[in-house]
Colleague: 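Structure below; questions to follow.
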Protein chains: 2
Amino acid sequence: MAFATKKGASAKLRSAAFKRVRADHSAELAEDYVEMIADLIDERGEARCTDLALRLGVANATVVKTMRRLQVAGLINQEPYRAIFLTSDGWKMAEDGRRRHALVEKFLLALGVTRETARIDSEGIEHHVSAETLKAMAKFLARNGG
Amino acid sequence: MAFATKKGASAKLRSAAFKRVRADHSAELAEDYVEMIADLIDERGEARCTDLALRLGVANATVVKTMRRLQVAGLINQEPYRAIFLTSDGWKMAEDGRRRHALVEKFLLALGVTRETARIDSEGIEHHVSAETLKAMAKFLARNGG
DNA sequence: TTGGAAGTTTAGCATTTGCTAAATTATTTG
DNA sequence: CAAATAATTTAGCAAATGCTAAACTTCCAA
Ligand SMILES: [Mn+2]
Ligand SMILES: [Mn+2]
Ligand SMILES: [Mn+2]
Ligand SMILES: [Mn+2]
């Protein structure tokens, strides 16, 4: 009947936003880990589970388990008891993530919040910013003190 | 030794951002559910599991399970097989969430993205915006077409 | 008033993300 | 080189969030 159809269509439209958020959250962990592995490799030549655990504020065993999933996903390579390496897919994800993350952080700074707040808020916000919004932020930055 | 202390302190600083993100995500589900329950009550007099499931894009059983947790958390009241009511804590959370959500959405619009993008991106971003960033967004809105 | 549609709950399962404690391997130091 | 220390992995657990299928209750309409 007409009413049910209209109701269904409207709900379907609404639910799209929540589906996007759930998809963002599925990708989020991998993005943050891979970005941090790239940072560690650049800063000190290698990435180890302990450093990841320390920086993420989680237990070592949690990192180890996640490494297994990232390896299965083709983002990292790791021999038992050795340091972690990024695959080319991993490097691509890390660099895309860095660009996006840096842009969001700079945007928040330009908006007028403190360094600390920009650093903290951007860590969560970065994963929910669409290409269109990212572009709008870049445009804002270009106008205001980018 | 001095080096370990310095390294530990720096990692602790970094990990704070991730801890905030994890805390945000713990709160997120309750916030979205409660806000939607408030919307349904306002729009049609009552909130039922089926409508929540439709709008969230999840299965009915998922909503039912979440309702139990929200009841334990003191945010809703529900008799078996009846509609869902918000407690006063639930209403407070819903109204705070609405204000914040609406502000973020308006901010994105003012930044120049389309209605659709503002609607979708704000659904995720809203949960990671600190009080300070929210204030900065409000200030921006006051200057530009609020 | 009763039968069926619609809504709700339960049961049972899977995945992700976290934890602690114990076992194992690597590395450094005496 | 052997012992101590550090790092890593495994085992086993828990909570949150999702699913489908089956059972149960409510409500409307014939
Ligand atoms: Mn992040
Ligand atoms: Mn919301
Ligand atoms: Mn939301
Ligand atoms: Mn998020």
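Reminder, nothing fancy here: chain letters follow the sequence lines and each chain counts from 1.
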Colleague: CD/A:Glu126 to CD/A:Glu28 distance, rounded to the nearest 0.5 angstrom?
Modeller: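 CD of A:Glu28 is found 7.0 Å from CD of A:Glu126.
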Colleague: Roughly, in whole Å, what's the span from CG in A:Leu54 to P in D:dA6?
Modeller: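 The distance from CG of A:Leu54 to P of D:dA6 comes to 13 Å, rounded to the nearest Å.
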Colleague: In chain order, what residues pass the ring pair (Phe, Tyr, Trp, His ring centres under 6.0 Å) check against A:His101, with sequence neighbours excluded?
Modeller: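 Counting only residues at least two positions away or on another chain, A:His101 forms no ring pair (Phe, Tyr, Trp, His ring centres under 6.0 Å).
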Colleague: Can you list, by residue number, the residues of residues 63-77 of chain B that have a non-hydrogen atom closer than 4.0 angstrom to DNA chain C?
Modeller: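 B:Val64, B:Lys65, B:Arg68 - these, ordered by number, are the residues of the stretch whose heavy atoms sit under 4.0 Å from the strand.
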Colleague: Please collect all side-chain hydrogen bond (donor to acceptor under 3.5 Å, both in side chains) contacts where either partner lies in residues 67-88 of chain A, sequence neighbours excluded, each pair once.
Modeller: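 Every candidate side-chain hydrogen bond (donor to acceptor under 3.5 Å, both in side chains) pair involving residues 67-88 of chain A fails, so no pair, neighbours aside, qualifies.
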Colleague: Could you tell me which residues satisfy side-chain hydrogen bond (donor to acceptor under 3.5 Å, both in side chains) with A:Lys92, sequence neighbours excluded, listed by chain and number?
Modeller: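 Residues passing side-chain hydrogen bond (donor to acceptor under 3.5 Å, both in side chains) with A:Lys92: A:Asp96.
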Colleague: Which of residues 18-30 of chain B sit near DNA chain D, with a heavy atom under 4.0 Å from it?
Modeller: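 B:Leu29, in order of number.
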Colleague: Let me know, please, whether A:Arg82 or A:Tyr33 comes out on the 5' side of the other along DNA chain C by nearest nucleotide.
Modeller: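 Going by which nucleotide is closer to the 5' end, it is A:Tyr33.
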Colleague: For A:Thr62 and C:dC19, is the shortest distance between a side-chain N/O and OP1 or OP2 below 4.0 Å?
Modeller: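 Affirmative; the distance criterion is met.
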Colleague: Starting at CD of B:Glu79 and ending at P of C:dT9, how long is that distance when rounded to a whole Å?
Modeller: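 My rounded result for the distance is 11 Å.
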Colleague: Apart from B:Trp91 itself, which Ile, Leu, Val, Met, Phe, Trp or Tyr residues share its cluster (side-chain heavy atoms under 4.5 Å, direct or through members)?
Modeller: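 Reading the cluster by chain and number, B:Trp91 sits alongside A:Phe18, B:Leu29, B:Tyr33, B:Val34, B:Met36, B:Ile37, B:Leu40, B:Ile41, B:Leu52, B:Leu56, B:Val58, B:Val63, B:Met67, B:Leu70, B:Leu75, B:Ile76, B:Ile84, B:Leu86, B:Met93.
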Colleague: Going by the rule side-chain hydrogen bond (donor to acceptor under 3.5 Å, both in side chains), which residues pair with B:Glu95 if we only count those two or more places apart in sequence or in a different chain?
Modeller: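 B:Glu95: no side-chain hydrogen bond (donor to acceptor under 3.5 Å, both in side chains) contacts found.
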Colleague: Just how far, in rounded Å, is P of D:dA7 from CD1 of A:Ile84?
Modeller: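 Spelled out: CD1 on A:Ile84 to P on D:dA7 is 13 Å.
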Colleague: Can you find a side chain N or O atom of A:Gln78 that sits less than 4.0 Å from OP1 or OP2 on D:dT9?
Modeller: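 Yes.
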Colleague: Polar-atom pairs under 3.5 Å, protein N or O versus N or O of nucleotides 22-25 of chain D: list them with distances, or write none.
Modeller:
none

Colleague: Would you indicate, yes or no, if C:dA26 has its OP1 or OP2 atom less than 4.0 angstrom from a side-chain nitrogen or oxygen of A:Arg48?
Modeller: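 Checking A:Arg48 against C:dA26: no side-chain N or O falls below 4.0 Å of OP1 or OP2.
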Colleague: If you look only at pairs with a residue in residues 29-38 of chain B, which of them pass as a salt bridge (Lys or Arg N to Asp or Glu O under 4.0 Å), with sequence neighbours excluded?
Modeller: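 Non-adjacent pairs meeting salt bridge (Lys or Arg N to Asp or Glu O under 4.0 Å): B:Glu31-B:Arg100.
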Colleague: Among B:His128, B:Arg20, B:His127, which residue satisfies the side chain to side chain donor-acceptor pair (under 3.5 Å) criterion with B:His25?
Modeller: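 When B:His128, B:Arg20, B:His127 are each tested with B:His25, the side chain to side chain donor-acceptor pair (under 3.5 Å) holds only for B:His128.
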Colleague: On the nucleotide D:dA6, are OP1 or OP2 found under 4.0 Å from the side-chain N or O atoms that A:Thr50 carries?
Modeller: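 A:Thr50 to D:dA6 OP1/OP2: no side-chain N or O under 4.0 Å.
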Colleague: In whole angstrom, give the distance that lies between atom CG of B:Leu56 and atom P of D:dA16.
Modeller: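 Interatomic distance, CG of B:Leu56 to P of D:dA16: 18 Å.
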Colleague: Considering only residues two or more places apart or on different chains, which pairs with a residue in residues 129-138 of chain B satisfy side-chain hydrogen bond (donor to acceptor under 3.5 Å, both in side chains)?
Modeller: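 Every side-chain hydrogen bond (donor to acceptor under 3.5 Å, both in side chains) pair that includes a residue of residues 129-138 of chain B, provided the two are not neighbours, is A:Thr114-B:Glu132, A:Thr117-B:Glu132, A:Asp121-B:Ser130, A:Asp121-B:Thr133, B:Ser130-B:Thr133.
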Colleague: Which residues pass the side-chain hydrogen bond (donor to acceptor under 3.5 Å, both in side chains) test with B:Lys65, not counting sequence neighbours?
Modeller: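 Checked B:Lys65 against side-chain hydrogen bond (donor to acceptor under 3.5 Å, both in side chains); zero matches.
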Colleague: In chain order, what residues pass the side-chain hydrogen bond (donor to acceptor under 3.5 Å, both in side chains) check against A:Arg98, with sequence neighbours excluded?
Modeller: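 A:Arg98 satisfies side-chain hydrogen bond (donor to acceptor under 3.5 Å, both in side chains) with A:Asp39, A:Asp42 only.
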Colleague: Once you round it to whole Å, what is the distance between C1' of C:dG7 and CG of B:Leu40?
Modeller: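 About 15 Å, once rounded to whole Å.
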Colleague: Please state how far atom CD in A:Glu46 lies from atom P in D:dA7, giving the value in whole angstrom units.
Modeller: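 Taking CD of A:Glu46 and P of D:dA7, I get 11 Å after rounding.
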